[in-house]
Colleague: 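Below: one structure in structure tokens.
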Protein chains: 2
Amino acid sequence: MRSLILVVEDEAPIREMVRFAAERAGFAVAETGDAERALVEVADRRPDLVLVDWMLPSMSGVELARRLKNNDSTRSLPVIMLTARGEEDDRVRGLESGADDYITKPFSPRELIARIKAVLRRYRPHDDDAAVVCDDLSLDPVNHRVTAKDAVLDMGPTEFRLLHFFMTHPDRVYSRDQLLDQVWGQNVYVDERTVDVHIRRLRKALDVHGHDRYIQTVRGSGYRFSSKG
Amino acid sequence: MRSLILVVEDEAPIREMVRFAAERAGFAVAETGDAERALVEVADRRPDLVLVDWMLPSMSGVELARRLKNNDSTRSLPVIMLTARGEEDDRVRGLESGADDYITKPFSPRELIARIKAVLRRYRPHDDDAAVVCDDLSLDPVNHRVTAKDAVLDMGPTEFRLLHFFMTHPDRVYSRDQLLDQVWGQNVYVDERTVDVHIRRLRKALDVHGHDRYIQTVRGSGYRFSSKG
DNA sequence: TTGCAATGTTACATTTCCGTTACAGCGGGC
DNA sequence: GCCCGCTGTAACGGAAATGTAACATTGCAA
């Protein structure tokens, strides 16, 4: 049985409707009205999906979504945002915060189910937390640590996620768009050239002694990580 | 230059805004108010994306999306639906009809661009990525790499696309015009003699040892790629 | 063979793409 | 509050790729 967590302020109609719809779709529903509490629930229950109301007492829904997406252990958790505001700027901020989709209130149970299914369908589950080894490199997702020949490499979070993606998908060219999708998130709208900069930073971090031979540029297409030097 | 087709009834604000946003994002915009006409435009212009208004005179946007998704040649074409607020049931039908996303009016240029980019990013992996092998040559579209007897051949992007087309259409004569259409694009006009130059460059790249026997000149007609030496 | 048109080859200016650096904004930790 | 690390954007310079033109060569026909 799949499960979802509903984070919503005290709004009886919404709560009842979501419960009705979700249970019809085969989801177990847990709910809380407090964002801090929601973080604990997520860690505890490990749900398949989180529904977050835009307005929350202690923390905004945007902030909650952002926190979930900034945490490595919850990044792969789909988040749908509930919002009453038709003001488009807020909706963009909702998407940019990392939410995978949003629904504008009022909405029907049918729409909710359709969106849940759509999000789960297009969501690709992240790889598990197994350590990854390529040639001389060893990456430990749990401890956020990369070592090359017993030397611990220093890099930022984005560079780490980028390297993690590369090491789990080696020897294949990825466009900047695809990398943004996979490493930054599907609803993040940043300039493609940002990838270049982080590639540079990652190369610098990997370049312990001598030239980095892992990341290759494929002109006009993107970048490729080579598993064997 | 990427292009999109906007299918919308006579609504000047929407049309102007989409045009503004799309051009800023580097899209050429073609528009029509008629769904039947849109199907023709799609076949003709082969756009990268279609924006469909939910309300259309001759055919509903839902119906148009369904038709596009039921046709093999247009199935991989991303469709975004534009819909007025408050019709959540319709929005569900929009998603179920096969549209890849929808935007609720009113929306900002920023949101539109974000959604367009997200949808295109999602679609990129559906590119044809089957390896092609002819005689001694092996072409890998994913890695943009060509090998001949374990030797990696070095060539530019245009030469690569040219060779890719040849290897997927061997043993047939193509005129310079046809090659420009297939390899450069339908609405790009460059001098026909440019083909000669790139043929030359490709021949040079393929000419590892001895004379290249793959590309033959058919005087007065064009070039032919021979699958077997 | 000669002449002409088609094609091969090379050179070069322009454009596009990428590496690199600098910097401002933002959030977290103290 | 302040400092500091991380992030995304902009700007600049250089390298690769492209398209055009000029010249050389080939092939066909008269």
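Because the structure is predicted, anything quoted here is derived from the model rather than measured. In what follows, every chain begins at residue 1, and chains take the letters A, B, ... in the order their sequences are listed.
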Colleague: Evaluate the side-chain proximity of B/Tyr189 to B/Leu180: yes if any heavy-atom separation is below 4.5 Å, no if none is.
Modeller: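 Answer no - side chains too far apart.
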Colleague: Checking contacts here: which listed nucleotide (C/dT9, D/dT7, D/dA10) is nearest the side-chain heavy atoms of A/Val197?
Modeller: D/dA10
Colleague: Within this structure, what is the CG-to-P distance between B/Leu202 and C/dT9, rounded to whole angstrom?
Modeller: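 Interatomic distance, CG of B/Leu202 to P of C/dT9: 13 Å.
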Colleague: Answer yes or no: side-chain N or O of A/Arg193 and base N or O of C/dG19 forming a donor-acceptor pair under 3.5 Å.
Modeller: yes
Colleague: Rounded to the nearest Å, what distance is computed from the CZ atom of residue A/Arg201 to the P atom of nucleotide D/dG8?
Modeller: 8 Å
Colleague: Between A/Arg203 and C/dG19, does any side-chain N or O lie under 4.0 Å from OP1 or OP2?
Modeller: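 Yes, because at least one side-chain N or O of A/Arg203 sits under 4.0 Å from OP1 or OP2 of C/dG19.
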Colleague: Please determine, for the side chain of B/Asp196, which listed nucleotide (C/dT7, C/dA11, D/dG8) has the closest atom?
Modeller: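 Nearest to the side-chain atoms of B/Asp196, counting from C-beta on, is C/dT7.
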Colleague: For D/dA17 and B/Thr158 - does any side-chain N or O of the residue sit under 4.0 Å from the phosphate oxygens OP1/OP2?
Modeller: no
Colleague: Within the 4.0 Å heavy-atom criterion, would you say B/Arg176 contacts the bases, only the backbone, or no part of the nucleic acid?
Modeller: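 Here B/Arg176 touches the backbone only, sparing every base.
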Colleague: Within the 4.0 Å heavy-atom criterion, would you say B/Glu192 contacts the bases, only the backbone, or no part of the nucleic acid?
Modeller: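 No contact.
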Colleague: Are B/Val29 and B/Leu51 side-chain neighbours, meaning at least one heavy-atom pair lies under 4.5 Å?
Modeller: no
Colleague: Can you tell me how far P of D/dG5 sits from NE2 of A/His144, to the nearest Å?
Modeller: 19 Å
Colleague: Is it the case that the ring center of A/Phe166 lies less than 6.0 angstrom away from the ring center of A/Tyr214?
Modeller: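 Centroid separation for A/Tyr214 and A/Phe166: 6.0 Å or greater.
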Colleague: Once you apply a heavy-atom cut-off of 4.0 Å, does B/Thr217 come out as touching a base, just sugar-phosphate, or nothing?
Modeller: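 It contacts sugar-phosphate atoms only.
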Colleague: With a 3.5 Å cut-off and heavy atoms only, can you find an N or O donor on one side and an acceptor on the other between the side chain of A/Arg219 and the base of C/dC18?
Modeller: no
Colleague: Please classify the nucleic acid contact of A/Tyr223 as base, sugar-phosphate, or nothing, using heavy-atom distances under 4.0 Å.
Modeller: sugar-phosphate
Colleague: Tell me, do A/Phe160 and A/Leu153 make a side-chain contact under 4.5 Å, heavy atoms counted?
Modeller: no
Colleague: Counting just side-chain N and O atoms, does A/Trp184 come under 4.0 Å of either OP1 or OP2 of D/dG8?
Modeller: yes
Colleague: Taking side chain as C-beta onward, heavy atoms only, is B/Arg203 less than 4.5 Å from B/Thr217?
Modeller: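 Yes, their side chains come closer than 4.5 Å.
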